[in-house]
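Following: one structure in structure tokens, then a few remarks.
Every heavy atom of this structure was used, including side-chain atoms; hydrogens, water molecules and symmetry mates were not.
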Amino acid sequence: MKALYRNILGMIFSVMLLFIIFVTSFEVACYGSPDFFRNEFIKYDVTGSLEAWMGETMSLDDMCHVLDQTMVYLRGDRENLIIETTINGQPAFFYNEDEASHMADVRVLFVKCLFLRAIFILTALAIAGYLIVVAKPGGALYYLSTSFIKVCAWILAVVLLIGALAATDFTKYFTIFHEIFFSQGNWMFDPRESRMINMLPEGFFSDCALKIVLTFIASVLVVMALSMIITVFTRKHKNDR
């Protein structure tokens with residue numbers, strides 16, 4: 001019975017650790033590569049798209065500045081999206097009211113994920129500490145590592161399945177994602193009227209999603225390999241009191 005209880009705690013720990021890794025992977029992918037967004041803008045010629053659809057001209061540097069400040073806003077480090085830039089050679093605010101409303105919803109989702117990650121970190125540490133006390137360090141490591149391997153196998157299978165589906169029709173699953181998390185419907189924009197949709201084309205999100213998934217999978221595989229090594233060296237503790 002004690003072993004079952006400890007395994008359950010190990011499973012809870014593992015699910016929280018995977019969420020922590022996922023949110024951190026998002027941060028690393030989106031905030032850890034300063035030139036990534038610039039390269040994406042060049043790849044999709046977003047300044048040319050803005051001019052073609054809306055007849056407006058912006059420099060690449062101004063576009064990058066807008067997105068940099070947007071990313072600061074999304075993680076809760078900026079109060080608003082009143083971002084002044086230069087359009088057609090004149091000072092102007094980049095976002096319109098509808099775009100700012102959608103970005104506010106995105107910000108709420110992201111800030112909640114950051115908050116939940118902080119809670120999970122504290123809870124995971126508490127679980128690990130408890131297991132160290134009741135099962136000794138070697139036993140605690142055994143329960144945590146074996147549980148992580150089991151949970152990981154299922155989560156990676158799900159991630160790979162979702163990734164495979166998204167690769168076949170990214171537009172479809174990108175739409176489903178928005179319908180689930182932004183059911184109020186304020187996420188659809190016309191490129192003839194929205195600077196934001198010209199700055200952030202679908203291909204941009206596809207590349208970001210791929211980068212996040214690859215970062216997540218690589219991180220999980222590293223932790224999983226470490227868990228396997230720990231399991232081998234702590235197997236003798238599985239029957240600890």
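Nearest approach of Phe41 to Leu60, heavy atoms of both residues: CB-CD1, 3.6 Å.
Partners of Asp61 according to the salt bridge (charged side-chain N to carboxylate O under 4.0 Å, His left out) rule, which considers only residues two or more places apart in sequence or in another chain, are Arg38. Legend: residues meeting salt bridge (charged side-chain N to carboxylate O under 4.0 Å, His left out) with Asp35, ordered by chain and number and at least two apart, are absent.
From Ile87, atom CD1 reaches atom CZ of Arg195 across 3.5 Å, with rounding to the nearest 0.5 Å.
Ring geometry for Phe170 against Phe174 counts as parallel: the plane angle stays under 30°, on a 0 to 90° scale with 60° as the upper cut. Ring geometry for Phe26 against Phe110 counts as tilted: the plane angle lies between 30° and 60°, on a 0 to 90° scale.
For the pair Arg75 and Tyr31, the cation-pi test (distance below 6.0 Å, angle within 45°) is passed.
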- Message: Go through it in stages, so that I can follow the logic: the residues are Thr86 and Gln90, the test is side-chain contact (heavy atoms from CB on, under 4.5 Å), and I'd like the CA-CA distance, side-chain angles, deciding distance and then a yes or no.
- Response: CA-CA 5 Å; Thr86 302; Gln90 300 295 323; 5.9 Å; no
- Show the numbers, then the answer: is there a side-chain contact (heavy atoms from CB on, under 4.5 Å) between Ile12 and Met16? CA-CA 6 Å; Ile12 296 172; Met16 291 190 293; 3.8 Å; yes
- Task: Determine, stepwise, if the pair Phe204 / Phe37 fulfils ring-ring contact (aromatic ring centres under 6.0 Å, His included).
- Result: CA-CA 9 Å; Phe204 171 90; Phe37 295 137; 5.7 Å; yes
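Annotation: side chain of Ile212 is in contact with side chain of Phe22 (closest heavy-atom distance under 4.5 Å).
Remark: Ile82 CD1 is loosely packed, at most 12 non-hydrogen atoms of other residues, nucleotides or ligands lying under 6.0 Å away.
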